[in-house]
There are 2 protein chains.
Amino acid sequence: MSLADLIEKYIKQQIHRSENQAIALSRAELAELFSCVPSQINYVLATRFTLERGYLIESRRGGGGYIRIARVTKADRLSMAERLVLEIGGQISESEADQFLASFHELGVLTRQQVRVIRAILQRETAQIAQGKATLRASLLRSLVMLVMQCAKENEV
Amino acid sequence: MSLADLIEKYIKQQIHRSENQAIALSRAELAELFSCVPSQINYVLATRFTLERGYLIESRRGGGGYIRIARVTKADRLSMAERLVLEIGGQISESEADQFLASFHELGVLTRQQVRVIRAILQRETAQIAQGKATLRASLLRSLVMLVMQCAKENEV
DNA sequence: AAAGCGAAGGTCAGATATGGTCAGAAAAGG
DNA sequence: CCTTTTCTGACCATATCTGACCTTCGCTTT
């Protein structure tokens, strides 16, 4: 078992024991506890406590800084995705669209395959027109994502 | 929890308890209470009691000086924004326009996305003409901001 | 009045305390 | 071997906190 695995197990135990499925920890202290460099903690968080796997990380630097890890439910993620849809502005660039797609994937509302398909559609459609690419891209993205989320909801029932 | 967090919490509690959602305090006394330097209080005010977060600060120096912190409502901020619109002169530079946009964002009447869009429009439109850029910029800015505020009002109802 | 004084609050640069990132080394797995 | 995962360290970003120095205001003394 690697060090990363041990740290993962430790953190999961702490969360499990906690009242509200969320804990706050000090990166430096945790690193001290496991006798490793602080960035090792970031590695564990990045590889094992992703949104996709149901964990939410938030942190603050500076004096009194902390790292908070919270379990999120499927419903939490769906509502986060809904909020994210609202944040798609009137016009977006291709790279912004990619960022949104990555976020939706992380939130577990789009599979990798669906991300690929949507990206292809965006490219094909915006290639057709001379002007207003960013606007078309934004509205298409919104529609497609909402469509997939709609489908997912129906399949649940 | 950092000292700044504690002071923030204390101040919010005081405001909450107050009659009219406003309190007056002495910087020196508050610093004494938390055993810190007075400028720490300024730090807390600057980082946590901004307009954007719904607080209004006013103060006076000299003997009998004070710091007053008041909660401002959404309506208050809207009317402040309206007054701000009137302060846009007949001509403004790009950086002045940016300052206005930042203020409107602080007042919560423009989202970050809307600020970006408006800035883009200003740049695109003023690039079209040789003279009178500052004048066009001022009138466009006024119109666009008023438009957004109008939309916001309608969506409320 | 004008000048001087003490009592507020304001500003800002820099020290301190955290956490973040990334390239590359080391280890593990196939 | 080659690839993937783990691990480290140098360098970066940001929040907090302090202290020296500045500004403003009311009051008192000339």
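Chain A is the first sequence line, chain B the second, and so forth, proteins listed ahead of strands; every chain is numbered from 1. Model, not experiment: these values are computed from the prediction.
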Chemist: Could you state the CD1-P distance from B:Ile41 to C:dC12, rounded to the nearest angstrom?
Modeler: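 Computing the B:Ile41:CD1 to C:dC12:P distance gives 18 Å.
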Chemist: Could you tell me the separation between the CG atom of B:Asp5 and the C1' atom of D:dT16, rounded to a whole number of Å?
Modeler: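 It works out to 10 Å between those atoms.
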Chemist: Distance from A:Met149 atom CE to A:Leu107 atom CG, nearest 0.5 Å?
Modeler: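 Here the rounded value is 9.0 Å.
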Chemist: Expressed as a whole number of angstroms, how long is the span from A:Arg27:CZ to D:dC7:P?
Modeler: 16 Å
Chemist: Kindly indicate whether a cation-pi arrangement holds for A:Arg48 with A:Tyr55, taking the cut-offs as under 6.0 Å to the six-membered ring centre and within 45° of the axis.
Modeler: no
Chemist: A:Val37 has a side chain; which of D:dG9, D:dC17, C:dA8 sits nearest to it?
Modeler: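 Closest of the options to the side chain of A:Val37: D:dG9.
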Chemist: In whole angstroms, how far is the P atom of C:dA7 from the CD1 atom of B:Ile67?
Modeler: 18 Å
Chemist: Rounded to whole Å, how long is the line connecting atom OH of B:Tyr43 with atom P of C:dA13?
Modeler: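 Taking OH of B:Tyr43 and P of C:dA13, I get 16 Å after rounding.
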Chemist: Distance from A:His105 atom NE2 to A:Thr50 atom OG1, nearest 0.5 Å?
Modeler: 9.5 Å
Chemist: Hey, could you give me the CD1/CZ distance between B:Ile15 and B:Arg17, rounded to the nearest 0.5 Å?
Modeler: 12.5 Å
Chemist: With a 4.0 Å cut-off on heavy atoms, is A:Ser26 in touch with a base, just the backbone sugar-phosphate, or nothing at all?
Modeler: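 Sugar-phosphate contact only.
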Chemist: Would you mind reading off the distance between A:Glu58 atom CD and D:dT14 atom C1', rounded to a whole angstrom?
Modeler: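 So the CD-C1' distance, A:Glu58 to D:dT14, works out to 16 Å.
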Chemist: Among the candidates D:dC25, C:dT11, C:dG9, find the nucleotide nearest to the side-chain atoms of B:Arg60.
Modeler: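 Among D:dC25, C:dT11, C:dG9, the one nearest the side chain of B:Arg60 is D:dC25.
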Chemist: Reckon B:Gly65 touches a base, only the sugar-phosphate, or nothing at all at heavy-atom distances under 4.0 Å?
Modeler: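 The residue B:Gly65 makes sugar-phosphate contact but no base contact.
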Chemist: In whole Å, what is the span from the CG atom of B:Leu3 to the P atom of D:dA15?
Modeler: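 It works out to 17 Å between those atoms.
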Chemist: Rounded off to whole Å, could you give me the CD-to-P distance for the B:Gln40 and C:dA17 pair?
Modeler: 14 Å
Chemist: How is B:Ser59 classified with respect to the nucleic acid when contacts are heavy atoms under 4.0 Å: base, sugar-phosphate, or nothing?
Modeler: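 Sugar-phosphate: the residue B:Ser59, judged by heavy atoms under 4.0 Å, touches backbone atoms but no base.
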Chemist: If you check the B:Ser39 side chain, which of C:dG20, D:dT16, C:dC12 turns out closest?
Modeler: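 Looking only at side-chain atoms, B:Ser39 lies closest to C:dC12.
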Chemist: Please determine, by modelled atom types, if A:Ser2 and A:Asp5 share a side-chain donor-acceptor pair under 3.5 angstrom.
Modeler: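 Yes, side-chain donor-acceptor contact under 3.5 Å.
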Chemist: Of the candidate nucleotides C:dG10, D:dT6, D:dA13, which contains the atom at the shortest distance from the side chain of A:Ser2?
Modeler: D:dT6
Chemist: Quick one: label B:Arg48 by what it contacts on the DNA or RNA (base, sugar-phosphate, nothing), any heavy atom closer than 4.0 Å.
Modeler: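 Counting heavy atoms under 4.0 Å across all strands, the contact made by B:Arg48 is with sugar-phosphate only.
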